[in-house]
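Working notes, beginning with the structure itself.
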Amino acid sequence: MKLEFPKGFLWGAATSSHQVEGNNHNDWTEWEKENAERLSKESDGKYPPENYISGRACDHYNRFREDFDIAKSLNHNAHRFSIEWSRVEPEEGKWDEKEIEHYRQVIAALRERGIEPFVTLWHWTIPVWFRDKGGWASKKSPEYFKRFSERMVKEFPDIDFWITLNEPDDIYSIFAYLKGKFPPGEKSILKTIIVLKNLVAGHNAAYVAIRDKNPRAMVGFANNTIYFESQGLISTVFKVFANAFWNFWFLRKTLKHCDFIGCNYYHHNRLKGFKYNQNENNVTSDVGWEICPAGIYHVLKSLKKYNKPIYITENGIADSSDANREKFIKEHLRWTHKAISEGVDVRGYLYWSLLDNFEWSSGFWPRFGLVDVDYKTLERRIRQSAWAYAKIVKENSLEV
Ligand code: BGC
């Protein structure tokens with residue numbers, strides 16, 4: 001049987017600047033240098049300090065055309081990437097025209113290949129000057145972000161899909177300000193609350209700025225959406241709170257300023273009583289995350305009430321052997337299709353990621369790519385699963 005996807009469905013993959021470009025200078029590059037030794041030790045020496053330094057990454061900054069040729073050969077008609085804020089505004093209020101021109105070329109390269117750009121304005125890294133002013137904890141952060149967004153939309157008026165922020169609440173605020181696992185490495189409830197508030201204000205301000213310059217634009221943010229599963233009364237009540245905080249809080253705060261919902265889906269979380277993370281973990285990825293394709297259906301259904309178009313802005317698996325990726329994609333698409341057939345307005349799917357890349361505080365070892373990257377030679381090799389996905393894209397349907 002063939003499961004047809006809606007006409008005009010957008011298919012592709014996603015990346016983010018810091019994870020693929022190479023040679024950035026931002027808050028992360030500095031944090032990596034300070035923490036690489038510690039992270040290597042914490043891995044019991046399994047991964048050397050170099051694993052934790054983004055360095056030249058995939059050199060996508062110089063090889064984007066070649067990478068987009070690959071995306072085209074895989075039939076992709078959409079691609080999500082992020083603009084590296086620290087490149088275009090390396091000093092406060094000073095714009096680097098050369099870097100702006102770089103992203104103009106990136107967008108042109110996508111268009112020339114018939115690939116629709118989804119532009120993310122902020123995927124976690126910030127310029128050092130902004131970090132020094134307190135980053136997202138600074139009162140003026142929404143203003144700084146608005147100024148950056150305004151400039152970008154002015155430079156790139158033909159972009160129709162803007163993603164302001166990537167996973168602002170969970171993952172970013174929690175990891176950077178509560179768990180201390182991402183820069184600036186804080187562990188403060190108060191700061192987390194302040195940062196969340198500023199991110200909401202930042203998104204809303206950027207939305208107004210973008211729509212003001214380009215009323216046609218569709219603007220949203222990428223929400224990390226977790227499938228909470230409950231068993232029994234207590235955990236069902238707990239689930240209401242878990243959903244309200246982890247999945248819907250940021251969305252509710254920004255709903256009037258979202259033209260679509262960006263849904264990133266990776267996680268299933270089984271609740272038992274008041275306990276979190278009671279997963280069976282029968283099938284996991286290389287990073288130990290349980291694979292739960294049905295979860296994408298549940299989260300999509302739970303987003304239906306907001307009555308907005310939904311784009312799956314990330315979904316992917318760390319799988320270096322490529323033994324499970326094809327099945328992973330197909331199963332997630334089967335459940336996505338079920339949600340669509342029950343009236344959820346899903347309009348696109350962007351696999352994470354086009355290339356293997358720098359996986360934040362885990363470094364280079366997890367392999368999420370449709371395309372394998374040899375970090376010594378920077379050679380790209382298209383994985384078998386990428387071809388299986390390419391067939392689905394070409395036919396706009398999934399054979400089950
Ligand atoms: C992030 C990506 C990351 C992926 C896999 C998402 O939370 O947006 O940057 O690489 O998860 O961990």
Side-chain angles (χ1 to χ4, degrees), residues 12-22 24 26-29 31-32 39 47 51-52 54 57-58 60 79-85 118-126 136 162-179 181-183 199 203 220-227 246-247 250-251 261-269 284-292 295-296 299 311-320 324-325 328-329 332 349-373 375:
T15 60
S16 91
S17 54
H18 189 66
Q19 294 178 271
V20 295
E21 281 182 350
N24 282 324
N26 56 38
D27 63 329
W28 267 85
T29 46
W31 183 89
E32 288 157 21
L39 292 167
Y47 305 111
N51 172 67
Y52 299 98
S54 56
C58 310
H60 178 71
H79 180 75
R80 176 182 171 208
F81 71 95
S82 71
I83 293 177
E84 178 59 36
W85 188 355
F118 275 65
V119 179
T120 310
L121 284 166
W122 174 75
H123 201 123
W124 298 351
T125 47
I126 55 174
W136 282 106
W162 291 96
I163 295 172
T164 54
L165 307 172
N166 183 67
E167 301 180 348
D169 44 355
D170 164 36
I171 305 295
Y172 178 73
S173 305
I174 306 290
F175 275 60
Y177 285 91
L178 194 65
K179 294 189 174 175
K181 291 203 186 275
F182 287 178
L199 284 162
H203 167 87
F221 73 96
N223 194 24
N224 181 38
T225 328
I226 300 168
Y227 166 45
W246 296 103
N247 288 338
F250 206 91
L251 205 49
I261 297 175
C263 171
N264 289 5
Y265 173 72
Y266 294 94
H267 298 291
H268 167 223
N269 192 322
T284 61
S285 69
D286 292 352
V287 287
W289 299 350
E290 190 183 58
I291 299 169
C292 178
I296 202 167
V299 301
Y311 291 90
I312 295 163
T313 36
E314 282 183 38
N315 172 237
I317 180 174
D319 177 23
S320 63
N324 301 312
R325 189 172 283 102
F328 177 98
I329 295 174
H332 282 79
Y349 176 88
L350 300 167
Y351 176 82
W352 182 271
S353 175
L354 179 64
L355 306 167
D356 286 340
N357 60 53
F358 181 72
E359 178 56 21
W360 306 112
S361 54
S362 300
F364 283 108
W365 74 262
R367 302 281 184 154
F368 278 89
L370 291 171
V371 178
D372 165 278
V373 177
Y375 292 114

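Just follow the structure's listing: the first ligand is 1, and inside any ligand the first atom is 1.
Within 4.0 Å of ligand 1, contacts by protein heavy atoms are made from Gln19, His123, Trp124, Asn166, Glu167, Tyr266, Trp289, Glu314, Trp352, Glu359, Trp360, Phe368.
For the residue pair Ser17/Ser82, the side-chain donor-acceptor check at 3.5 Å is satisfied.
A side chain to side chain donor-acceptor pair (under 3.5 Å) with Asn224 holds for exactly one of Asp170, Asn264, Asp169; it is Asp170. Of the listed residues (Asp286, Asp319, Asp356), just one forms a salt bridge (Lys or Arg N to Asp or Glu O under 4.0 Å) with Arg367, and that residue is Asp356. Among Leu354, Val119, Ile163, the single residue meeting the side-chain contact (heavy atoms from CB on, under 4.5 Å) criterion with Phe81 is Val119.
Aromatic pair Tyr265/His332: ring centres closer than 6.0 Å.
With sequence neighbours excluded, the residues that form a ring-ring contact (aromatic ring centres under 6.0 Å, His included) with Tyr311 are Phe118, Phe161, Phe260.
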